[in-house]
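Notes follow the structure.
Indexing begins at 1, ligand by ligand and atom by atom, following the structure's order.
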Amino acid sequence: MPYSVPRLSDFSPAVLDEAARELLSALDQESAAVDSESDWKLYRDRWMARKNGALTQLNDLWLKAAPGQNKRDVGQRVNELKIKVEQTVEATLSRIQSGTSSSRLAAERLDITLPGIRRSIGAEHPVIKTMNEIIGVFRNLGYSVEEGPEIETDYYNFEALNFPPNHPARDTQDTLFIAGQDTKALRDRLLLRTHTSPVQIRTMQKMKPPVRVVCPGKVHRNDAPDATHSPIFHQVEGLAVDTSITFCDLKGTLDHAMKALFGSNVKTRFYPSFFPFTEPSADVQISCIFCDGKGTRDGAPCRNCKASGWIELLGCGMVDPNVYGFVDYDTAKVSGFAFGMGVERIAILKYGVDDIQLFFNGDVRFLQQFA
Ligand code: DAH
């Protein structure tokens, strides 16, 4: 209810005191709410307009209405109130003009006792985290880390790895080629590397045996994205070349690595396979970590291993002597093994992720779970 000057029936000092208190408190309250010049004009008019302003009403309802014997007292009080009203209206305008309205002050007040805004620290992406974990396992075995370019030549991605030009083995790697290079010799044409194996060649070109390296990195394939495929993914390659490395060393190394990554209960199985740059070649399978290799879970066939009890995880083999020919290693003196594993595939198994796309969509709610 906005304040209005009351009609008085009793002009005793006590009643006048109370009425004056009410008027002043309304004056102050309304003043505090004034926030702009247009507010202020309305405020001023409510109190001081000649026609029907509070001061005019004060004159009419209090002074003029007061009986003769109270006139003097009421007159004095009304004068005092007039001065108060004029001063307050004036002061309200100064406050507005000096830009210190109470609401603005409140909005700008700095409360140093409030807690600050905490920005969360980023965390390793689950793919990078898994990649580092894999690298860590091999670092502990004395391997060092080598990297190579993501844009590769046909020579490193294929030819030096014993994929001859036009050999059908090239079809196993759905390659993204860089356009407009038809005038170059085939071996110099650029492509997005389809695997990290070219880093084997680059490493052997710059180091003599003994070599023990892991090569992490991003690779590309011309694959349509779905729950298990992505045109971009990551691999960790391994290469060990020395004077008397055997398939036993390969088995022991990868068996140890799989146990380090998935737990010491995991078994490994080497299954004959083919890669142009290794001979013999094998696919490594681990016993299914979901059904403990039993092939059934809760009485139903295990979906993760298609009830076989085994999950295929990586490719490996003994380095094909033809490859040594490309890097000037003495085939008669050296032997070695190589392996390559998909990082997302390992992360999917370790963390129970059901869609590879989750790694690349950038949804913070997914990524936060690995922080
Ligand atoms: N480069 C192969 C691929 O991407 C994986 C691979 C298999 C790497 C056997 C190796 C190896 O080093 O020896 O399919």
Side-chain angles (χ1 to χ4, degrees), residues 131 134-135 137-138 141 143 145-150 152 154-163 167-176 191-205 211-223 228-242 245-255 257-258 268-286 311-324 326-327 329 334-346 356:
M131 194 146 97
I134 300 167
I135 293 168
V137 169
F138 288 96
L141 294 174
Y143 284 64
V145 177
E146 284 294 326
E147 288 181 298
E150 285 169 32
E152 248 322 348
D154 185 281
Y155 178 77
Y156 285 107
N157 197 76
F158 289 125
E159 195 177 332
L161 286 163
N162 204 28
F163 292 79
H167 193 280
R170 290 181 171 223
D171 294 347
T172 60
Q173 315 235 338
D174 297 300
T175 311
L176 291 159
L191 46 80
L192 300 185
R193 68 176 177 192
T194 56
H195 50 178
T196 43
S197 304
V199 191
Q200 289 187 31
I201 306 300
R202 292 182 174 276
T203 304
M204 289 190 280
Q205 277 180 340
V211 168
R212 280 175 184 76
V213 291
V214 277
C215 321
K218 192 183 285 176
V219 302
H220 298 78
R221 298 267 173 109
N222 186 15
D223 276 332
T228 54
H229 294 85
S230 163
I232 298 177
F233 58 104
H234 298 78
Q235 291 186 334
V236 175
E237 188 83 13
L239 174 70
V241 183
D242 208 334
I245 288 187
T246 68
F247 200 91
C248 287
D249 299 310
L250 171 59
K251 284 187 79 171
T253 303
L254 290 180
D255 185 69
M258 294 304 114
T268 52
R269 180 164 93 162
F270 289 70
Y271 214 78
S273 183
F274 173 79
F275 300 100
F277 42 94
T278 45
E279 183 62 32
S281 303
D283 284 327
V284 181
Q285 304 177 346
I286 61 167
I311 293 180
E312 196 171 299
L313 211 50
L314 64 136
C316 68
M318 301 307 291
V319 177
D320 190 304
N322 284 354
V323 172
Y324 296 133
F326 285 96
V327 295
Y329 275 17
V334 298
S335 63
F337 63 74
F339 56 85
M341 54 187 95
V343 179
E344 283 79 0
R345 176 124 176 80
I346 292 176
I356 194 174

Between ligand 1 and the protein, which N/O pairs fall short of 3.5 Å?
unit_1	atom_1	unit_2	atom_2	d
ligand 1	1 (N)	His195	ND1	2.9
ligand 1	1 (N)	Ser197	OG	2.9
ligand 1	4 (O)	Arg221	NH2	3.0
ligand 1	4 (O)	Gln235	NE2	2.9
ligand 1	12 (O)	Gln200	NE2	3.0
ligand 1	12 (O)	Glu237	OE2	2.6
ligand 1	12 (O)	Phe339	N	3.3
ligand 1	12 (O)	Phe339	O	3.2
ligand 1	13 (O)	Ala338	O	3.1

Student check: side-chain heavy atoms of Phe326 and Met204 closer than 4.5 Å
no

Let me have the donor-acceptor pairs involving side chains of residues 211-220, under 3.5 Å, with sequence neighbours excluded, atom names and distances please.
unit_1	atom_1	unit_2	atom_2	d
Arg212	NH1	Asp242	OD2	3.4
Arg212	NH2	Asp242	OD2	3.3

Which residues share a ring-ring contact (aromatic ring centres under 6.0 Å, His included) with Tyr143, sequence neighbours left out
Phe138

Dump the intermediate steps for side-chain contact (heavy atoms from CB on, under 4.5 Å) on Val199 and Glu237, then the final yes or no.
CA-CA 8 Å; Val199 191; Glu237 188 83 13; 5.8 Å; no

Just jot down the side chain to side chain donor-acceptor pair (under 3.5 Å) partners of Arg345, sequence neighbours excluded, or say none.
none

How about Tyr271: does its OH atom have over 12 heavy atoms from other parts shown lying under 6.0 Å from it?
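Count not over threshold, so no.
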
